[in-house]
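The next block holds one structure in the form of structure tokens; read it before the comments.
Residue numbers count from 1 along this sequence.
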Amino acid sequence: MGGNMATRLIRAGHEIVGFDLSEENRQKAASNGAEIANTLDDLIAALPERKVVWVMVPHGKPTESTLQSLLEKLAEHDIVIDGGNSNYQDSMRRGEIFAEKGMFFLDAGTSGGIWGLEEGYCLMIGGDTDAVVHVSPIFAALAPNPKGWLHVGPVGSGHFVKMVHNGIEYGMMQAYAEGLELMRAKEEFGLNLANITELWRHGSVVRSWLLDLTAEYLKNDPELKDLSDYVSDSGEGRWTVIDSIQEGVPAPVITLSVQMRLRSQQDQSYAGKVLSAMRNAFGGHAVKKVSDE
Ligand SMILES: O=C(O)[C@H](O)[C@@H](O)[C@H](O)[C@H](O)COP(=O)(O)O
């Protein structure tokens with residue numbers, strides 16, 4: 001994703017120095033017009049004064065260690081932007097540490113995925129206002145249009161808003177998935193789900209980007225035969241649920257959507273086996289064995 005963002009910035013006339021641990025990614029960025037650094041030190045040395053570094057690495061340890069290195073290597077007034085899906089509480093903590101050294105840390109919740117290069121990225125920015133203004137040409141180039149980026153609040157708020165955005169993403173995805181499964185089960189109507197999702201894209205109340213992508217997928221592969229029903233998760237859904245509990249704000253749809261993800265990640269659930277065992281024990285009801293499947 002960082003490579004695509006660099007490409008979009010270069011297309012808008014920005015000069016980019018890029019560093020990636022993977023040689024392949026470095027070469028790709030070079031072929032798209034970025035100046036390539038072979039180490040983080042080289043990257044910092046190549047940047048002009050009031051250095052601006054955009055970090056786009058997986059959240060957790062990779063982000064933490066990259067930011068720690070930058071803290072040691074950058075100087076007062078420099079600006080670091082974390083565009084990954086970091087936990088907002090980590091971003092608040094990092095904001096304080098950077099501020100102690102007179103540097104600026106901005107958290108940029110970034111939505112757009114693999115489509116962002118052409119469609120633009122939606123950016124939710126947290127941090128110091130002057131620093132945001134200083135780097136605003138970057139946000140303007142990455143966003144689809146002037147309304148596609150926003151300084152939402154103080155440091156941490158960008159990743160908080162992105163976390164909630166992803167919680168909503170979970171709920172929307174789960175609702176579409178359930179509706180499609182119900183229509184598929186109604187065999188007597190022989191419903192064509194590719195045609196129906198395409199239909200809903202035009203004037204329906206439930207049209208959306210997620211629906212656009214679903215309709216396109218089903219057009220090419222209506223039975224989804226090769227896909228497993230295992231659905232991974234990167235953490236933002238879980239954090240949204242934890243936050244809703246801490247804030248005392250009910251979020252039943254998002255919570256159940258996250259629970260469904262977790263269920264999808266189990267093969268044979270132990271809880272299901274326990275239910276089966278109890279039902280058999282109290283009622284003598286027949287059980288289905290793994291060997292029956
Ligand atoms: O807005 C976006 O572009 C997406 O939300 C993006 O950030 C990413 O695809 C998700 O983080 C996946 O999240 P899960 O792995 O939790 O489904």
Side-chain angles (χ1 to χ4, degrees), residues 1-23 25-30 32-86 88 90-110 116 121 123-143 149-152 154-159 162:
M1 194 160 165
N4 278 348
M5 294 172 87
T7 303
R8 190 169 167 93
L9 287 169
I10 291 163
R11 286 182 188 168
H14 290 273
E15 288 175 36
I16 303 291
V17 187
F19 169 65
D20 192 292
L21 289 175
S22 131
E23 171 64 19
N25 287 345
R26 289 205 292 269
Q27 291 310 323
K28 209 166 148 198
N32 287 330
E35 182 186 334
I36 294 304
N38 289 320
T39 65
L40 201 52
D41 284 313
D42 289 351
L43 176 129
I44 290 166
L47 294 175
E49 283 316 300
R50 190 140 203 218
K51 298 172 194 291
V52 177
V53 182
W54 187 298
V55 179
M56 206 68 200
V57 296
H59 70 75
K61 275 191 186 145
T63 297
E64 185 69 25
S65 64
T66 307
L67 294 176
Q68 280 300 334
S69 305
L70 290 171
L71 253 182
E72 288 158 22
K73 297 172 194 293
L74 292 173
E76 231 182 326
H77 305 304
D78 289 344
I79 299 173
V80 173
I81 307 164
D82 176 12
N85 278 336
S86 292
Y88 78 94
D90 285 334
S91 299
M92 290 171 75
R93 171 177 57 78
R94 291 164 182 158
E96 280 177 22
I97 299 171
F98 275 80
E100 280 164 17
K101 291 192 133 198
M103 302 174 195
F104 295 90
F105 177 81
L106 304 179
D107 50 308
T110 305
Y121 299 89
L123 299 169
M124 303 145 234
I125 321 288
D128 176 84
T129 302
D130 290 339
V132 171
V133 169
H134 185 75
V135 294
S136 58
I138 301 178
F139 301 141
L142 288 172
W149 74 273
L150 186 66
H151 181 202
V152 295
V155 73
S157 63
H159 280 147
K162 178 64 179 15

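There is a side-chain donor-acceptor pair under 3.5 Å between S86 and D82. Under the 3.5 Å distance criterion, with hydrogens and angles disregarded, a donor-acceptor pair is assigned to the side chains of N32 and T7. Counting only N and O atoms by type, the side chains of Q68 and E72 include no donor and acceptor under 3.5 Å apart.
Closest approach of E35 and A46 over heavy atoms only: OE2-CB, 3.8 Å. Considering every non-hydrogen atom in both L43 and G18, the closest pair reads CD1-C, 3.8 Å. Minimum heavy-atom separation, L106 to G127: CD2-CA, 3.7 Å. The two residues L71 and M103 come nearest to each other via the heavy atoms O-CE, 3.4 Å.
The neighbour count for M92 CE, taken as heavy atoms of other residues, nucleotides or ligands under 6.0 Å away, does not exceed 12. More than 12 heavy atoms of other shown residues, nucleotides or ligands fall within 6.0 angstrom of atom NZ in K73.
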Give the C-alpha distance, both sets of side-chain angles, the deciding distance and a yes or no for side chain to side chain contact (heavy atoms under 4.5 Å, CB included) between V133 and H151.
-> CA-CA 9 Å; V133 169; H151 181 202; over 6 Å; no
Apply side chain to side chain contact (heavy atoms under 4.5 Å, CB included) to V52 and L47, showing your working.
-> CA-CA 8 Å; V52 177; L47 294 175; over 6 Å; no
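Screening K162, H59, H159 for a side chain to side chain donor-acceptor pair (under 3.5 Å) with N85, the sole residue that qualifies is K162.
Expressed to the nearest 0.5 Å, how far CG of N25 lies from CD of E23 amounts to 9.5 Å. Between atom CZ of residue F98 and atom CG of residue D78 there is a gap of 10.0 Å, rounded to the nearest 0.5 Å. In this structure, CG on L142 lies 4.5 Å from CE on M5, to the nearest 0.5 angstrom. Distance CZ/R50 to CD/E76: 10.5 Å, rounded to 0.5 Å.
Of the possible donor and acceptor atoms, none in the side chain of T110 sits under 3.5 Å from a partner among the backbone N and O of L123. A donor-acceptor contact shorter than 3.5 Å is absent between the side chain of R94 and the backbone of G156.
Using a 4.5 Å cut-off on side-chain heavy atoms (C-beta onward), F105 and D107 make contact. For the pair H134 and F104, the minimum side-chain heavy-atom distance is 4.5 Å or more. When side chains are defined from C-beta on, V155 does not count as touching D128, because their heavy atoms never get closer than 4.5 Å. Using a 4.5 Å heavy-atom threshold, the side chains of I138 and L9 count as touching. For the pair I44 and L70, the minimum side-chain heavy-atom distance is below 4.5 Å. Within the 4.5 Å cutoff, the side chain of W149 has heavy atoms near those of the V132 side chain.
Salt bridge E64/K61: absent, no basic N to carboxylate O contact under 4.0 Å.
A perpendicular orientation is assigned to the rings of W54 and F139, their planes being inclined by more than 60° (bins at 30° and 60°).
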